[in-house]
Amino acid sequence: MSETAYDEHFVSWFRAVTPYINAFRGRTFVVAFGGKAVASESAKTLAYDVNLLVSLGIRLVLVHGARPQIEEELREKNLESKYHRGYRVTDALTLECVLDAVGSVYLEIEALLSQGLPNTPMANSRIRVIGGNFITGQPIGVLDGIDMLYAGKVRKVDAEGINAQLALGNIVLLNCEGPSPTGEIFNLPMGEVAEAVAVAIGADKLVFLTDSPGVTNPAGGLIEEMTTDEVADIIKQGGNWLSSDTRRCLPCVLRASRAGVGRVHLIGFEHDGSLLLELFTHDGVGTVVTRESLEHIREAKPDDIGALIALIAPLEAEGALVHRPRELLEREIEHFSIIEHDGIIVGCAAFYSHSDDYAELACLAVSAEHREGGYGEQLMKRVERRAKKAGVKRLFVLTTRTEHWFVERGFKLASVDDLPARKRDMYNYQRRSKILLKTL
């Protein structure tokens, strides 16, 4: 690559990530990873990437596990590793191994985050890493007649304390130990700690770094986007084709997403820079899970036409939407997706495929009293998924009022010549709609 081409590539890349930098500044992310990630060759570069996130103004909580390190401690002391329902049966001797392993991993992570050597991405960095008794544990008790002893679950998260440290610009580093009010220490599942913390502090994102690139289908293909309903289906099926890391994380992913965490990501720690690629590129490299439920967003039916007309009529009267007669809506109802709130239709969007390469997002409308609820973006994402399933490469929209809204969501201004031939011939030059195009 020539120097000029390299410069152009760098400038183009830097401009592409700028919207994410602006969007993420001041946001709160929880990143969870197990002992495998700490022991891997990518641990050092992961520390570099964590430093970069903090330098961009992202409030960061790290939650680490230590499963392989605990197993090694048990082997050295000739102790058997026992599990029940995915939890480690933790007696007093096992707990000693847990405490030793977790303490060692914690110190190793602190050391990685304290690097400041010249000519490294962390040169001159001043990261403050804060630990503490932010998590209170409690015993699981007896499961199926088996006393789980010092195996525990999260009882309480000191959200106020964590947020206070984040507000000071500190990284909060948490492990999988949870002291109880009685002074006992319990061994907690890393995924459940991350889930509980993300929900308690109102995290914008929860990221699980696993030994798999993300959630895969039975054929091994990566699933880039999932809803909580789709995650629940995989859990019901058992997910036997998934990696052990991913299987353990999925119930936590499901609960966190349904409890209000905006986005939950599963990505592979072995791919260098996977955390940055997932967060700062449009397509990402792993799986992102959102709360969207089929109970609230769905494809339209003929019975919905009356409600659709009532929804879009005010926007047609304002000139924001082209008038669609009832007969047209009846013929094209299968093109529409709708979103409901408490059983009432509050938004709609239509998907029209014009060729193998082009599809149109049309008639995106949300009722005036619900426009601050993010429903427009959910409908846009719904149409994008329909387009991807249809194999469409480009999605375009024509608008007279909401150009900036679409630009902020990845669309770019285009010209009439960029439209597919049939739509180009139908373009209304009197209306002078702005044309925006997005590559999927």
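Residue numbers start at 1 and run along the sequence shown.
A side-chain donor-acceptor contact under 3.5 Å links S40 and S42. No side-chain N or O of E96 forms a donor-acceptor pair with one of Y150 less than 3.5 Å apart. S337 and R386 are linked by a side-chain donor-acceptor pair at a separation below 3.5 angstrom, with hydrogens and angles left out of the test. The closest side-chain donor-acceptor pair between R59 and N163 falls under 3.5 angstrom. A donor and an acceptor atom, one from each side chain of R155 and S180, are nowhere located under 3.5 Å apart.
The pair K77-D100 counts as a salt bridge, with a side-chain nitrogen and a carboxylate oxygen less than 4.0 angstrom apart. Residues K44 and D49 are not paired through a salt bridge, judged by the lack of any N-O separation under 4.0 Å between the basic side chain and the carboxylate. Salt bridge D211/K36: present, at least one basic N to carboxylate O contact under 4.0 Å. The pair E278-K205 does not meet the salt-bridge criterion, since no charged nitrogen lies less than 4.0 angstrom from a carboxylate oxygen. A salt bridge is defined here as a Lys NZ or Arg NE, NH1 or NH2 lying under 4.0 Å from an Asp or Glu carboxylate O, and K393 with D356 fails to meet this definition. In summary, E377 and R409 engage in a salt bridge, as defined by a charged side-chain N under 4.0 Å from a carboxylate O. A salt bridge between K412 and D418 is absent, with no side-chain N of the basic residue lying under 4.0 Å from a carboxylate O of the acidic one.
The two residues L379 and G347 come nearest to each other via the heavy atoms CD1-C, 3.7 Å.
Stacking of R394 on the aromatic ring of Y358 is recorded, both the 6.0 Å distance cut-off and the 45° axial limit being met.
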Which pairs of donor and acceptor atoms, one on a side chain in residues 230-238, lie under 3.5 Å apart (sequence neighbours left out)?
residue, atom, partner, partner atom, Å
E230, OE1, T227, N, 2.8
Q237, NE2, D233, O, 3.4

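Using bins of under 30°, 30° to 60° and over 60° for the plane-to-plane angle, the ring pair Y375/H370 lands in the tilted bin.
Side chains of F208 and T246 form no contact here, defined as non-hydrogen atoms less than 4.5 Å apart.
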